[in-house]
Number of protein chains: 2
Amino acid sequence: MTKKNITAHCAVDYAFKRIGGKYKGRILWVIRDGFMRYGELKRAIVGISPKMLTQTLRELEADELVSRKVYLEVPPRVEYSLTSTGEELIPFIKQLRSWGEKKMSQN
Amino acid sequence: MTKKNITAHCAVDYAFKRIGGKYKGRILWVIRDGFMRYGELKRAIVGISPKMLTQTLRELEADELVSRKVYLEVPPRVEYSLTSTGEELIPFIKQLRSWGEKKMSQN
DNA sequence: CAGGATCCAATCTGATACTG
DNA sequence: CAGTATCAGATTGGATCCTG
């Protein structure tokens with residue numbers, strides 16, 4: 001789901017559609033500090049398959065939450081970083097993460 | 001997905017699993033102000049089927065984000081409200097909603 | 001290194017009809 | 001009013017193998 005395909009009933013619906021999905025939150029969160037290479041992301045997002053990582057990154061890119069920079073080197077190097085729109089989401093994810101930490105420790 | 005079934009890789013993952021899903025955010029948001037009856041929710045969440053509304057409410061209840069109160073009257077009356085854990089999520093949803101509003105107007 | 005391609009199983013969602 | 005039940009279709013995700 002990318003923003004071009006979203007038909008939302010309200011802003012909450014819209015926002016959840018843009019950052020929902022199994023891995024989008026985690027990916028945005030691990031990219032928060034700067035440039036991450038594909039392989040770094042792969043190691044950081046434990047359990048993700050290359051297919052899902054690539055697919056989700058492509059959606060985030062089409063959505064302009066993440067930008068992708070390809071270096072013409074051998075071996076190839078590709079770096080991902082947040083766009084300014086993506087960075088705007090980090091405070092919310094941080095808040096949600098704190099909530100999650102608290103709840104996990106309570107159960 | 002309810003919290004009992006969640007096996008999360010990190011707190012972000014955990015939190016998204018608890019509030020992810022097509023309607024959870026919207027439902028929490030419309031219940032934010034107090035008690036809502038089933039029929040009110042049905043009208044407020046445009047496009048939801050009774051099946052999905054019931055199913056999602058049951059998950060939110062099992063997750064202790066929403067509480068359900070049945071009044072033994074004829075005709076039946078059932079009211080839903082946020083638990084304190086559910087209320088803790090409202091600031092997050094509110095912020096995310098503002099972000100969504102801004103982005104919707106930009107496209 | 002950073003992916004693309006394919007196939008398939010599991011999950012989720014919608015539509016419709018019915019009920020205490 | 002506040003749900004259930006059933007079936008079918010759509011979507012998502014995982015496993016595996018391949019490549020510039």
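Letters A, B, ... are given to chains in the order of the sequence lines, protein chains preceding strands, and every chain is numbered from 1.
Side-chain atoms of A:R26 never come within 3.5 Å of backbone atoms of A:A44 as a donor-acceptor pair (strictly under, hydrogens ignored). Of the possible donor and acceptor atoms, one in the side chain of B:D63 sits under 3.5 Å from a partner among the backbone N and O of B:K3. No donor-acceptor pair under 3.5 Å is formed between the side chain of B:T54 and the backbone N or O of B:K51.
Put simply, CD1 on B:I45 and CG on A:D13 are 9.0 Å apart, with the number rounded to the nearest 0.5 Å. The CD atom of A:E61 sits 8.0 Å away from the OG atom of A:S67 when rounded to the nearest 0.5 Å. The CG atom of A:L57 sits 7.5 Å away from atom CD1 of A:I48, with the distance rounded to the nearest 0.5 Å.
In this structure, A:Y38 places its OH atom 17 Å from P of D:dG20, rounding to the nearest Å. In this structure, NZ of A:K42 is placed 11 Å from P of D:dG14, rounded to the nearest angstrom. Rounded to an integer number of Å, the gap from B:I48 CD1 to D:dA2 P is 15 Å. What separates CG of B:L53 from C1' of D:dC1 is a distance of 13 Å, to the nearest Å.
Non-hydrogen atoms lying under 4.0 Å from DNA chain C are contributed by A:R58, A:R68, all within residues 56-72 of chain A. Listed in residue order, the members of residues 12-35 of chain A having a heavy atom less than 4.0 Å from DNA chain C come to none.
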Exercise for review: Let me see the working for A:I19 and B:L96 under side chain to side chain contact (heavy atoms under 4.5 Å, CB included), right down to the final yes or no.
Suggested key: CA-CA 10 Å; A:I19 65 164; B:L96 189 62; 3.8 Å; yes
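In this structure, A:K51 and B:P75 both approach DNA chain D, and ranking their closest nucleotides by distance from the 5' end singles out B:P75. With DNA chain C read from its 5' end, the first of the two nearest nucleotides for A:R43 and B:Q55 is the one closest to A:R43.
Along DNA chain C, read 5' to 3', the first and last nucleotides having any atom under 4.0 Å from a heavy atom of chain A are C:dC1 to C:dC7.
Cation-pi geometry between A:R32 and A:W29 is met: the NZ or CZ atom falls under 6.0 Å from the ring centre, inside 45° of the normal.
Side-chain heavy atoms closer than 4.5 Å link hydrophobic residues (I, L, V, M, F, W, Y) into clusters, and following such links, even through other members, never connects B:L28 to B:V46.
The residue A:T54 sits close only to the backbone: its heavy atoms come under 4.0 Å of sugar-phosphate atoms, none of a base.
Aromatic ring pairs are classed by plane angle as parallel below 30°, tilted from 30° to 60° and perpendicular above 60°; the pair A:Y38 and A:Y80 is tilted.
Counting heavy atoms from C-beta outward, A:P91 and B:Q95 have side chains that stay 4.5 Å or more apart.
A sub-4.0 Å separation between OP1 or OP2 of D:dC1 and a side-chain N or O of B:R37 is absent.
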